[in-house]
Amino acid sequence: MVRKFYDVVQRVSVFLSKWPKIVLALLIQLLGLAILALGVFFAPYFFSPPYSSWALVLVQAVLSVLISRWIGLPVWWLVIQFLLPIGLYAGLALAFNPVWALLLFAVLWLLFRNALTERVPLYLTNSTTRQALKKLTKSLTETQEDVRFMDLGCGLGGNVVFMSQQRGVAQATGVETAPIPYALSKLYSKIGGGEIFAQDIWKTDLSEYNLVYAFLSPEPMPKLWKKVSSEMPKGSLFVTNSFAVPDIEPSDIWQLSDGRETVLYLYQI
Ligand SMILES: C[S@@+](CC[C@H](N)C(=O)[O-])C[C@H]1O[C@@H](n2cnc3c(N)ncnc32)[C@H](O)[C@@H]1O
């Protein structure tokens, strides 16, 4: 009996783990609310009402965290699940104008759009890693004519501008679809050099580039490998910061000595 129950629970959590996290998080909040409502219905048999609104909100927050943990949401979602009901209630209690929340959401979306759709947020390559890219450029120019560099998801454009200023780099290009990073990187490249396009990684033709760099997340790596290995020219180099391609042996691994302990995975095509 216990075994069967455990199996059902396992199957439900495997099934749910395939849903988008944001949908799951909202459903979990609703489930937490339903359990809370049930609790409030039966509570008068044990404690006499009224109940403090803050205590109820806190119970809702804890219930949501417990269910989220059971479903297997990542740790940072547990924090969101805890803060969401508290934030909503605080907003109501303080008569917070919802237009501000909408504005905040709009800015976050314009900045981190790809965190929702591609599960790739915005974080930036540091200067130690850029120096490693410079070193790679040098070694590539020893064997090839010139470097044509592409940053897939170029963020604020720092890598593209940096690479455009290196000797032996004939072309430094980046693609970006999050609106604010795109606008800033476009402006930066106008001043500093290189070219930025408002283009999806998946629609970018890589056959022109012999050094392609990606700093994304574990999520797109298997699909990205299919793309780079079929499109990039023979002898070219694909470099991924921190997130290796699963089940593919890199040609080389560079462990950098920065605070983040950055690891670069190099794949010779
Ligand atoms: C972790 S950041 C890296 C930024 C930059 N390459 C760097 O190393 O400093 C990843 C960037 O990829 C962008 N991105 C994610 N998926 C994308 C897609 N399908 N098309 C274009 N850009 C994308 C994100 O918006 C984000 O700016």
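These values consider heavy atoms only, across backbone and side chains, with no hydrogens, waters or symmetry-generated copies. Numbering of ligands and ligand atoms starts at 1, following listing order.
Stacking of Lys21 on the aromatic ring of Trp76 is not recorded, the 6.0 Å distance cut-off and the 45° axial limit not both being met.
Side chain to side chain, Thr125 and Tyr213 meet the donor-acceptor criterion of an N or O pair below 3.5 Å. For the residue pair Glu231/Ser207, the side-chain donor-acceptor check at 3.5 Å is not satisfied. Between the side chains of Gln29 and Ser64, at least one donor N or O sits under 3.5 Å from an acceptor N or O.
Counting only heavy atoms from C-beta outward, the side chains of Pro233 and Tyr209 never approach each other to under 4.5 Å.
At a 4.0 Å heavy-atom cut-off, the residues surrounding ligand 1 are Asn114, Glu118, Val120, Pro121, Leu122, Tyr123, Leu124, Thr125, Asp151, Gly153, Cys154, Gly155, Asn159, Glu176, Thr177, Ala178, Gln199, Asp200, Ile201, Trp202, Tyr213, Phe215, Leu216, listed by chain and number.
The CZ atom of Phe162 sits 5.5 Å away from the NZ atom of Lys134 when rounded to the nearest 0.5 Å.
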